[in-house]
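First comes the structure, then the notes that go with it.
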Amino acid sequence: KKGTTVALLPKANPESQPATKAAIWIHKVIEPCYSLVMTHIFSLLHLCVCVCPINGQCVRSQHGCVVRVCSLCALLLWKHSQYCFSVQKSGGTQLKLVMSFPNYGQAMFKPMKQERDEETNSDLYYFSDFERHNAEIAAFHLDRVLGYRRIPPVVGRLVDVVKEIKDVTTDRKLARTFFTSPVGNVCFYGQCSYYCSTEHAVCGRPRDLEASLAVMLPDLSLAVRRSWRSPWRRSYSRSKLAKWESEPDYCSTVTKTPPFNKGTRLVDFIDLVILDFLMSNMDRHHYETFEKFGNNTFLVHLDNGRAFGRHSKDEPSILAPLEQCCRIRRTTWLRLRLLSLPQYRLSDVMRASLSHDPLHSVAPLLSEPHLAALDRRLKTVLETVSRCQKRQSEDGGDDGVLYDDIA
Ligand SMILES: Nc1ncnc2c1ncn2[C@@H]1O[C@H](COP(=O)(O)OP(=O)(O)OP(=O)(O)O)[C@@H](O)[C@H]1O
Ligand SMILES: [Mn+2]
């Protein structure tokens with residue numbers, strides 16, 4: 001930086017006295033000041049790209065981002081607004097925003113698109129289903145109740161779409177999609193590949209909009225995540241069957257293939273399958289892990305917006321991995337059995353847990369039929385495990401169903 005500074009300043013003429021004086025002056029006064037100014041400009045630029053992820057904690061980035069610097073950055077960015085600013089989240093198929101808060105926190109925002117008691121049209125394929133804000137919230141609670149804790153915290157909020165989005169967004173494309181509906185509600189639709197049009201706009205009442213806010217994981221530049229394709233991924237086609245739907249011995253092929261041939265990957269995946277079956281999420285095409293921990297690590301259960309779409313119907317195919325592999329963690333199995341007892345009934349525990357969410361005061365996050373479906377599906381999971389155990393004991397084998405993670 002110093003070199004650049006010198007090059008930018010006029011060269012002094014050593015023969016002329018005034019020029020020498022000027023050179024000295026430049027050398028002693030201007031240059032250090034200039035360098036200082038430049039250094040500050042550089043650090044300002046740096047600090048504005050530094051990442052301050054969660055809990056107001058500034059994480060040191062490769063560029064040497066420190067707390068002091070980040071506070072300054074925050075000050076610059078939020079000086080004009082006591083609220084947060086939001087931009088559209090790139091990637092994914094439906095509208096979602098990333099909101100930034102004055103305490104450096106960031107959250108992924110998904111708006112309410114469906115009433116709680118509305119059931120997804122059964123003629124709609126899972127891949128064109130809406131994402132539901134209450135599904136994101138309920139999934140977080142369910143994941144916790146099951147003892148997994150693999151979904152980043154999600155909370156419900158009533159958001160003022162004008163004050164907290166339109167007025168403070170730095171995303172011009174998003175701002176351009178705001179309009180007032182014929183009955184005076186403020187609506188917007190953003191830009192995305194599904195449901196981002198005037199016909200599918202999300203609207204406040206007149207400005208208040210229910211939404212889910214999920215804590216953003218640290219930026220990928222700080223904590224790289226790997227996305228893995230699910231071996232039991234659906235075909236995402238209206239006519240084609242996936243391999244797992246037609247190959248009878250599909251599980252043994254999977255368990256011979258890395259990373260499913262070692263460690264806890266299979267039982268981790270089965271945990272996720274059970275979560276998905278309970279909330280009827282058919283859209284688990286991928287799952288993620290933190291790269292740093294290699295293959296021997298937990299799974300991050302992101303993207304649960306298409307869960308809790310239908311309560312009157314269960315989807316047995318979601319349980320195919322459990323059915324085909326007959327393997328489950330002992331701790332998961334014990335937890336499921338506990339949650340089937342009358343005093344710890346899953347629906348009751350979930351109702352109690354969800355009542356702590358701020359949106360509960362607007363309406364319960366899951367309607368009663370959805371809570372009842374949880375109990376019914378839990379019974380199916382336990383019956384599936386029992387069937388596996390019965391089959392194995394008839395075959396004369398040891399109990400290979402339970403993966404012992406207690407000893
Ligand atoms: N809490 C989070 N923190 C950081 N990144 C996240 C978080 N939740 C989701 N993501 C990332 O954001 C991307 C899009 O989010 P999400 O999967 O919810 O959108 P989507 O529209 O459902 O995607 P798709 O339609 O492809 O299923 C995902 O690739 C995921 O890696
Ligand atoms: Mn999705």
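All ligand and atom numbering here is 1-based and tracks the order in the structure.
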(message) Quick check on contacts: which atoms of ligand 1 are under 4.0 angstrom from a heavy atom of Leu217?
(response) 2 (C), 3 (N), 4 (C)
(message) Does the plane of the ring in His370 sit parallel, tilted or perpendicular to the ring in Phe308? Use 30° and 60° as the thresholds.
(response) perpendicular
(message) If I apply the N/O under 3.5 Å rule, does Met108 come out as touching ligand 1?
(response) no
(request) May I ask you to identify, for Asp303, whether its side chain, its backbone, both or neither come under 4.0 Å of ligand 1 on a heavy-atom basis? (result) both
(message) Under 4.0 Å from a heavy atom of Gln94: which atoms of ligand 1 are those, numbered in the order shown and with their elements?
(response) 21 (O)
(request) Run the numbers for me: atoms of ligand 1, each under 4.0 Å from some heavy atom of Arg225, listed by number. (result) 4 (C), 5 (N), 6 (C), 31 (O)
(message) Within the 3.5 Å criterion, strictly below it, is a donor on Gln106 or Ser100 matched to an acceptor on the partner's side chain?
(response) yes
(request) Pull out every atom of ligand 1 sitting under 4.0 Å from any heavy atom of Val215, numbered as shown with elements. (result) 1 (N), 2 (C), 3 (N)
(request) Evaluate the criterion ring pair (Phe, Tyr, Trp, His ring centres under 6.0 Å) for residue pair Phe179 and Phe188; output intermediate values, then yes/no. (result) CA-CA 6 Å; Phe179 65 95; Phe188 67 103; 9.3 Å; no
(message) For Cys325 versus Leu266, what's the shortest heavy-atom pair and its separation?
(response) SG-CD1, 4.1 Å
(message) At less than 4.0 angstrom from any non-hydrogen atom of His285, what atoms of ligand 1 do you find?
(response) 27 (O)
(message) Judged on heavy-atom distance to atom 18 (O) of ligand 1, which of Met216, Lys110, Arg284 sits nearest?
(response) Lys110
(request) Just jot down the ligand 1 atoms closer than 4.0 angstrom to any heavy atom of Glu288, in number order. (result) 30 (C), 31 (O)
(request) For the pair His200 and Tyr189, evaluate ring pair (Phe, Tyr, Trp, His ring centres under 6.0 Å) and give the outcome as yes or no after the intermediate values. (result) CA-CA 7 Å; His200 294 105; Tyr189 51 88; 10.0 Å; no
(message) Which atom name would you report as the N, O or S atom of Asp303 nearest the Mn ion (ligand 2)?
(response) OD2
(request) Can you see which heavy atom on Leu142 is nearest to which on Met279, and at what distance? (result) CD2-CB, 4.1 Å
(message) Please confirm whether Lys96 approaches ligand 1 to less than 4.0 Å, judged on its heavy atoms.
(response) yes
(request) Please determine if Glu315 and Lys313 form a salt bridge, counting it only when a charged side-chain N lies under 4.0 Å from a carboxylate O. (result) yes
(message) Is it the case that the side chains of Ser353 and His141 hold a donor-acceptor pair, with the cut-off being a distance below 3.5 Å and no angle test?
(response) yes
(request) Report yes if Arg306 has an N/O atom closer than 3.5 Å to an N/O atom of ligand 1; otherwise report no. (result) no
